[in-house]
Amino acid sequence: MILSVRDFAIGFQREGQNLVAVDGISFDVEAGETFVIIGESGSGKSLTGMSIAGLQPPTAFVSGSIRFKDREMLKRPDAELRKLRGPEIGLIYQDPLSSLNPVWPVGDQIAETLVAHGLAGRAEARKRAVEMLERVRIPDPRRVASAYPHEISGGMRQRAMIAMALAAGPSLLIADEPTTALDVTIKAQMLELLAELKHEMALTIILITHDMGVVAEVADRILVLYAGRIAEVGPADSIMLQPSHPYTAALMTSAMISQTPAKQELNAIVGGAPGLGAFPAGCRFHPRCPRAQNDCKAVEPPRRKFGVVELACHHPIEAAMSLTAARS
Amino acid sequence: MIAFLFKRLVWGLLVLIAVAVITFFLSRVVPADPAAFLAGQNASEETVQRIRVEHGLDRPLPEQFATYMIGLAEGDLGESIRTRRSVSTDLKQYLPATLELLIVSFVLYLAVSFSLAVLAARRPGGAVDGAIRLITMIGTGIPVFWLGMTLQFFFFYKLHWLPLGARFPIRETAPPVISGFLLVDSLLAGSLSAFRASLKHLTLPAATIVVNLLAVGTRLSRAALIQEQSRLYVRTARGKGLSPNRILFKHILRNALSPILTATTMQFGYMISWVILVEVIFDWPGIGLYAYQSFQVFDYSPVIALAIVSTAGFVIINLVMDLLYPVIDPRVQSVGS
């Protein structure tokens with residue numbers, strides 16, 4: 001086990017009110033797996049991912065525990081967390097164009113990770129930056145190394161981001177919506193690349209996304225987050241093929257609908273995800289849930305084992321009926 | 001690039017001509033007779049008339065204007081009635097003093113406003129930010145002449161630390177004029193004591209200009225820094241495990257430079273206008289003082305020359321800044337396109 005999250009909560013104080021964004025979630029990530037955290041925007045998935053690297057907003061309050069390789073991350077001073085970011089934990093983000101410094105050549109930004117951590121001198125770091133660019137399958141690494149971010153394509157930029165995140169040889173890669181800004185073909189290439197690099201560099205990957213298509217390609221295990229609570233967590237196969245939680249089932253259906261070419265009426269999930277501070281009582285999904293009953297409105301479902309997955313639902317879908325039920 | 005430069009130079013020239021025309025007519029609108037001033041109180045009408053003819057002041061206004069503009073085209077800024085020398089000769093003598101004061105003030109202004117902005121931007125809305133805002137606001141709120149005289153009162157009269165005014169001690173020999181900048185010339189002459197003396201004379205006038213502009217400069221730099229701090233590349237830099245100082249100096253600073261530069265260019269314009277007042281307060285023998293003294297006796301040519309020279313300075317600074325943008329930000333391909 002490389003990462004262990006226990007009762008993790010994060011929130012903000014706004015106008016004297018405590019707004020809890022992630023409300024006591026627990027999960028483990030095994031070394032070498034691709035762990036996907038999936039959820040709509042506002043579900044708290046990015047906050048969770050950033051907190052693992054100690055990058056939660058400074059104004060946020062946190063509780064619980066995040067242990068990475070037996071180090072408690074939440075109470076660690078920033079000066080110590082800094083030593084882990086880069087050599088132990090790498091991060092890539094959604095928007096590579098604005099996530100790269102616009103006035104620095106790409107190669108220098110990659111080399112900086114090595115220089116700042118004292119892993120290489122300037123010249124050596126530059127050489128290794130070019131090697132890293134080659135490693136992420138950039139055809140002309142020397143040219144790209146001396147190019148500015150705006151001079152290369154979106155796919156190249158995301159590859160450069162990956163090269164930067166992996167330059168110092170981390171064991172954990174946190175990828176926060178890494179394919180969202182990319183078109184479909186580039187997206188597929190990027191996922192393939194991540195899978196290959198994971199193998200070559202013995203990485204553990206935490207992939208944060210709202211895109212079911214991405215999940216199917218790479219996930220070993222999936223955590224479904226809804227409104228700051230875990231809906232369902234378990235092996236990728238069973239979650240995707242036989243979702244037990246109505247929310248997961250709805251996500252799967254919407255992913256399938258969006259892949260069908262003909263324009264159909266989108267009936268996947270009614271309504272929108274609740275905003276921060278407006279989470280409903282009982283099961284947080286109940287206002288949108290086709291299976292909701294009276295107990296869902298009043299009692300928050302506890303997390304329990306259900307076949308091979310763990311979920312929080314009063315009325316989960318039985319394996320045999322899962323896909324058909326989700327459509328109704 | 002060449003086309004851009006050409007366009008900007010033509011534009012600058014048009015601005016200069018417009019300024020010359022406007023100041024020429026403005027100075028003639030003043031209901032005063034420079035010839036009478038020059039002749040003195042007890043001069044006879046004949047003397048005054050003679051001086052008038054001598055300086056072409058008896059001619060009709062359009063003719064005076066034409067004569068002046070033709071001279072201007074040939075680089076002749078006219079003649080000073082007061083000093084009885086050509087304005088160009090006077091400028092050669094007085095301009096370096098003004099430039100030296102301007103440059104020192106500008107460098108000081110950049111250094112101080114930027115340092116304060118960095119401190120303030122660390123924690124926007126915090127105690128340090130508030131204190132810096134208050135202090136710089138007070139500095140700007142104080143009228144320049146009052147600030148200058150207050151500084152003189154304390155540092156000259158009370159503490160005897162700094163001289164009252166002028167560029168150099170009157171009893172000492174100034175270093176030979178090479179660049180016209182006393183700081184440079186004293187070093188060229190190898191005289192540290194002369195360097196120190198010029199620096200002491202520079203301190204109060206420069207401080208007066210800087211304190212006056214500090215609030216705006218600090219706030220603009222602070223805003224640019226705070227805006228850059230929220231950019232996504234800063235999150236990336238933190239994700240790489242960089243220290244806050246490295247992020248500030250290697251990443252944020254470089255990106256904040258363009259907006260700061262834009263603001264600074266405008267500030268330089270204000271600085272030119274303040275320098276005139278400051279020169280008068282500190283008896284600083286630059287073009288501001290020269291124009292001021294000329295204006296008191298309705299000696300027009302130096303006044304128009306000051307307007308033209310300071311406008312030219314502003315035009316040049318703008319051009320230099322425009323040329324600097326692509327160097328600072330690689331996304332700005334070429335200023336011309």
Side-chain angles (χ1 to χ4, degrees), chain A residues 46 49-50 52-58 78-106 108-119 146-151 160-161 164-168 170 173-176 181, chain B residues 114 118-129 221 224-262 264 321-335 337:
Chain A
S46 286
M50 289 299 114
I52 293 169
L55 286 176
Q56 66 273 18
D78 190 62
E80 278 181 53
L81 286 168
R82 249 183 267 147
K83 291 180 195 150
L84 298 176
R85 284 181 226 130
E88 287 284 353
I89 301 175
L91 294 122
I92 58 175
Y93 312 93
Q94 177 172 355
D95 184 350
L97 180 57
S98 27
S99 294
L100 289 165
N101 189 331
V103 299
W104 274 42
V106 170
D108 287 3
Q109 299 192 45
I110 299 170
E112 193 193 17
T113 317
L114 295 164
V115 176
H117 288 286
L119 298 169
S146 55
Y148 289 100
H150 69 276
E151 295 171 337
M161 282 290 295
M164 189 162 77
L166 298 180
L173 177 69
I174 300 172
D176 188 3
Chain B
F114 199 76
V118 167
L119 286 176
R122 286 230 160 144
R123 208 179 258 255
V128 178
D129 187 21
S221 300
L225 287 175
I226 288 173
Q227 188 171 21
E228 287 303 320
Q229 273 169 357
S230 64
R231 301 258 191 236
L232 289 177
Y233 69 81
V234 175
R235 180 183 68 177
T236 309
R238 293 183 68 208
K240 282 154 81 176
L242 306 184
S243 67
N245 275 337
R246 197 185 173 94
I247 295 173
L248 175 67
F249 289 108
K250 296 247 166 186
H251 290 269
I252 294 177
L253 217 78
R254 182 75 196 283
N255 280 282
L257 221 50
S258 305
I260 290 175
L261 207 62
T262 311
T264 309
M321 295 295 183
D322 275 342
L323 294 175
L324 271 178
Y325 282 127
V327 180
I328 289 167
D329 190 339
R331 283 168 300 180
V332 182
Q333 284 295 327
S334 158
V335 271
S337 55

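Numbers restart at 1 for each chain; the letters A, B, ... are given by sequence-line order, proteins then strands. Heavy atoms only: backbone and side chains are in, while hydrogens, waters and symmetry mates are out.
Distance alone, capped at 3.5 Å, places no donor-acceptor pair between the B/Arg238 side chain and the A/Leu55 backbone.
Not counting sequence neighbours, the partners of A/Asp176 by the side-chain hydrogen bond (donor to acceptor under 3.5 Å, both in side chains) test are A/Ser46. In this structure, A/Tyr93 has no side-chain hydrogen bond (donor to acceptor under 3.5 Å, both in side chains) partners at least two apart in sequence or on a different chain.
Contacts between residues 239-247 of chain B and chain A, defined by a heavy-atom separation under 4.5 Å, are made by B/Gly239, B/Lys240, B/Gly241, B/Leu242, B/Ser243, B/Pro244, B/Arg246.
Contact count versus chain B (heavy atoms, under 4.5 Å) is highest, among A/Ala116, A/Pro87, A/Gly90, for A/Ala116. When each of A/Leu91, A/Thr113, A/Val103 is scored by its heavy-atom pairs under 4.5 Å with chain B, the top score falls to A/Val103.
Between B/Lys250 and A/Trp104 the shortest heavy-atom distance is O-NE1, 3.1 Å. When all heavy atoms of B/Pro330 and A/Pro102 are compared, the closest pair comes out as CG-O, 3.6 Å.
Side-chain contact between A/Asn101 and B/Thr236 is absent, with no heavy-atom pair separated by less than 4.5 Å. Between A/Ser99 and B/Arg235 the shortest side-chain heavy-atom distance falls below 4.5 Å.
For residues 90-100 of chain A, there are no salt bridge (charged side-chain N to carboxylate O under 4.0 Å, His left out) pairs, not counting sequence neighbours.
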